[in-house]
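Report on one structure; see the data block that follows.
Letters go in sequence order (proteins before strands), and every chain restarts at 1. Just so you know, these numbers use all the heavy atoms, side chains as well, and skip hydrogens, waters and symmetry mates.
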There are 4 protein chains.
Amino acid sequence: MGQALDERNARQAARTDARVQRRRRQILDAATEVMSTTGFHATSMQAVAERAGISVGLIYQYFGNKDELLVAVIVDILEDFRDQVPAAIAAAGEDPVDRFGAAFRICCQVVEAKREAVTLTYRESRTLPADGLERIKDLELQTAEPIRQAVADGIDAGVFRAVDARLVVHNVLLLAHAWALKHWNLARFLTLDQYIEQEWALLLASVSPRAQ
Amino acid sequence: MGQALDERNARQAARTDARVQRRRRQILDAATEVMSTTGFHATSMQAVAERAGISVGLIYQYFGNKDELLVAVIVDILEDFRDQVPAAIAAAGEDPVDRFGAAFRICCQVVEAKREAVTLTYRESRTLPADGLERIKDLELQTAEPIRQAVADGIDAGVFRAVDARLVVHNVLLLAHAWALKHWNLARFLTLDQYIEQEWALLLASVSPRAQ
Amino acid sequence: MGQALDERNARQAARTDARVQRRRRQILDAATEVMSTTGFHATSMQAVAERAGISVGLIYQYFGNKDELLVAVIVDILEDFRDQVPAAIAAAGEDPVDRFGAAFRICCQVVEAKREAVTLTYRESRTLPADGLERIKDLELQTAEPIRQAVADGIDAGVFRAVDARLVVHNVLLLAHAWALKHWNLARFLTLDQYIEQEWALLLASVSPRAQ
Amino acid sequence: MGQALDERNARQAARTDARVQRRRRQILDAATEVMSTTGFHATSMQAVAERAGISVGLIYQYFGNKDELLVAVIVDILEDFRDQVPAAIAAAGEDPVDRFGAAFRICCQVVEAKREAVTLTYRESRTLPADGLERIKDLELQTAEPIRQAVADGIDAGVFRAVDARLVVHNVLLLAHAWALKHWNLARFLTLDQYIEQEWALLLASVSPRAQ
DNA sequence: CATGAATGAGCATTCATTCAT
DNA sequence: GATGAATGAATGCTCATTCAT
């Protein structure tokens, strides 16, 4: 009997948890859409609620306030990078050059998938309360680390020059983000694939050892 | 007698014009300072007025509204680039590599001089009304052009590979701006001079012809 | 069979009624605690529910709305006075002075027992909807009546001067309530017992016949 | 010439100051009226603004927030007591009994003049932020002091018994306030003058020496 | 009976903008 | 030219109340 009850409670809890997750996602998606287009400050909670098809009050049952919602939106995006980058590197095989290239490529692709949202990240990070900022910087560093490792491995293997790996990673992320930040200009003369290809050529040349 | 009057009016006009310019500058400087620190939306016109030591009302005699003031602030910064970049290139002599290097260096230095303000440019450009946005994109293209020319000259001279000059310029400007955008990270392991030196090495390698 | 059913229903009803009363009391106690401390307006139904260990919705099955809950809380307190005052008077014997004294004492003691709640009564009575207000005034008058009678008896017996009994009762209740209302000040120089003793001396003197 | 300018500025400042005072009073009066009737929490700033015939925003140029406005309203009332009580005592001559009686009478009259507002004081004091509360307690003690002195003088002169003067003052203020707090009941059988007269008789009897 | 997710009206507060002086 | 008092629309957030489960 106790078991039956436990089981029922467990099912109930799972269902509840699923609903909570669905709501969070629903709100997060709506917020990402509206804030990306309109900008954080110009976005009213009312607008987010409308886009999500719920009431204002409900947002506050999932996110403490507007700032926390922004943090959640940005974190949500950065988690994409943090999760996908290592996976892409791992999938690229053993060759350091391939691994490095895969890292750059996936970054650009993630950016393309959430172009407006990436812009939001750049625009609004400064606005954030201190603790949100910490989480964000953390995620950025987590994303950077596997790329840095790939570059370091390449240097060790002698296929890259002895450059500062941290700086190269910085360049990689920056070039990827730029596809969002400067899309108004870049898209006038390049497709994403062209951008990736050409930037990759420059990037590789920048770290390759000079032929003797 | 008519002539005398004209002359008086002209003198009057000049004097007036000078005063107008002084006021504009006074407000612009105040706005740049406050907005750069606090962010555009979090900056009240009252705060700008106080910083400038004038009344709110007076701002509206020089700038139609808050948006226009923001445009003016951003334009003011971008004009720095537009003016200083060609000058630096010209001062660098005839060697395409030197000219290209000078362009990158001056960009970084202008960024350093107005680090917060450059960040402002990135954060708030999207908010702008269409016509302001146009002026800004225009200025960016104007800044880009002399650099592009330097790269194109280098390609023609055979000291650079046949890369897409527009893309290289994009990279140059981006790397310079990054010193402001990612200062929180970069400054942890590099000084500006080190940043310039190392990025320049990468940049040059990226466009240099492969040795046979 | 019908009888058996009736009996079962009756037992059921009694059981139900007992449960209803228990719930009401549970909610009332929680509401009194929270509202007394926090004030009516600053108290959310959520807070009352939490304190009572139940859900918000359940409160609404026992009290129509927040105002009605407040009325119930206040009525609950006033019923204490209405019930205890006559009892204390009856227990004081036949001497009008003793009866009067017992009335004052019990009032002060009831106040002390629910000091915060008494304050609540004063603070929030005005807010109430008309019908709640009526019930409250009624209870106050019911409480006043036995005291008035005691005073009237004393006057008839010649141990009190021919004062307006209603006014004296008003003073008695007021002085008792004041122990709650002005506790911040009074408690700085008096204990409750001292307060009772000294006010009683003044009160008695105020109604005692002047010696010839 | 400098003198003329100074004079103009001075006149300007005075005019400004007068306008500020007029506005403050206008808002304070409106707030007192509305809050007294409706209660603090149920009063919206919009309602205060409308009653004052100004815009909401303007209130915030004179009072930091709603709480501060409430403090100002209450202080405004308490200042009436603090100012008028000593004046009335002084005007009552040298006889301690007269002075004491004058104190009680003026308290009742001030209460009558601002009956609703006095009720507000009782209802909302608890709501206040700590520093506002301090100012209010201070004013109450300032009001009490001259009355206490009058009682003490009476005791020294032998016309009053050796009662605790502080407690008597507490009673005096309480009885005066009660005219507002319990007006719904008292006014049913007494006019203010009757109330003053009869309470005064009781009060005097309570402190008078027993005839031998 | 009991729950608590969901609603949405309501309110304090801010701030760009205007205009009488 | 210059001021700053005055406006009032806009917004984040709360919370009494309902109702599907």
Side-chain angles (χ1 to χ4, degrees), chain A residues 12 15-16 19-20 22-23 27 40-50 52-69, chain B residues 16 19-20 23 40-50 52-70, chain C residues 16 19-20 23 40-50 52-70, chain D residues 12 15-16 19-20 22-23 41-50 52-69:
Chain A
Q12 171 83 32
R15 215 182 315 137
T16 299
R19 188 164 56 203
V20 165
R22 221 180 320 129
R23 277 280 188 232
I27 296 169
F40 173 70
H41 282 101
T43 298
S44 68
M45 294 302 267
Q46 187 62 48
V48 174
E50 264 159 35
I54 58 172
S55 67
V56 231
L58 196 53
I59 300 182
Y60 285 88
Q61 291 193 19
Y62 291 82
F63 301 92
N65 55 39
K66 203 185 171 190
D67 272 359
E68 277 184 30
L69 182 55
Chain B
T16 298
R19 187 160 59 194
V20 164
R23 277 281 190 228
F40 173 69
H41 281 99
T43 298
S44 68
M45 295 299 265
Q46 190 58 237
V48 174
E50 262 160 36
I54 58 170
S55 68
V56 236
L58 196 52
I59 300 180
Y60 284 85
Q61 292 190 17
Y62 290 84
F63 302 91
N65 55 37
K66 203 185 171 189
D67 273 359
E68 278 185 30
L69 180 55
L70 174 60
Chain C
T16 299
R19 189 160 59 194
V20 166
R23 278 278 190 230
F40 173 71
H41 280 99
T43 298
S44 68
M45 294 299 265
Q46 190 58 236
V48 174
E50 262 159 37
I54 58 171
S55 69
V56 236
L58 196 52
I59 300 180
Y60 284 86
Q61 291 189 18
Y62 291 83
F63 302 91
N65 55 37
K66 202 185 172 189
D67 272 359
E68 278 184 30
L69 181 55
L70 174 60
Chain D
Q12 170 84 32
R15 215 183 313 136
T16 299
R19 187 164 57 201
V20 166
R22 222 181 319 129
R23 277 278 190 233
H41 282 100
T43 298
S44 68
M45 295 299 267
Q46 188 61 49
V48 174
E50 264 159 36
I54 59 171
S55 66
V56 233
L58 196 53
I59 300 181
Y60 285 87
Q61 292 195 19
Y62 291 84
F63 301 92
N65 54 38
K66 205 185 169 188
D67 272 359
E68 277 184 32
L69 181 56

Ile59(B) has an atom CD1; how far is it from atom C1' of dT18(E), in whole Å? 14 Å
Could I get the full list of side-chain hydrogen bond (donor to acceptor under 3.5 Å, both in side chains) partners for Arg19(B), not counting sequence neighbours? none
CG of Leu69(B) versus P of dT17(E): gap in Å, rounded? 10 Å
Let me have the donor-acceptor pairs involving side chains of residues 41-49 of chain A, under 3.5 Å, with sequence neighbours excluded, atom names and distances please.
from     : atom 1 : to       : atom 2 : distance (Å)
Thr43(A) : OG1    : Gly39(A) : O      : 2.6
Ser44(A) : OG     : Ala47(A) : N      : 3.1
Gln46(A) : NE2    : Glu50(A) : OE2    : 3.2

Counting only pairs under 3.5 Å, give me each side-chain donor-acceptor contact of residues 54-64 of chain D, with atom names and distances, residues two or more places apart or in other chains.
none

Nearest-Å distance, OH (Tyr62(C)) to C1' (dC1(E))? 7 Å
For Phe63(D), answer base if it contacts any base atom (sugar-phosphate contacts may also be present), sugar-phosphate if it contacts only those atoms, and nothing otherwise; contact means non-hydrogen atoms under 4.0 Å. nothing
Once base and sugar-phosphate atoms are separated, protein heavy atoms under 4.0 Å mark nucleotides 10-15 of chain F, 5' to 3', with B, S and - as --SBBB
Grab the CZ-P distance between Arg19(D) and dA20(E) for me, whole Å please. 14 Å
Determine which bases of DNA chain F form Watson-Crick or G-U wobble pairs with both distances under 3.5 Å, and write the result as a 5' to 3' dot-bracket string with | for other-strand partners. .||||||||||||||||||||
Any chance you could measure Leu69(C), atom CG, to Phe40(C), atom CZ, to the nearest 0.5 Å? 7.5 Å
Along DNA chain E (nearest heavy atom to each residue), the more 5'-positioned of Ser55(A) and Ser55(C): Ser55(C)
I want to confirm an ordering. Mapping Gly53(A) and Arg23(C) to their closest nucleotides on DNA chain E, which one lands closer to the 5' end? Arg23(C)
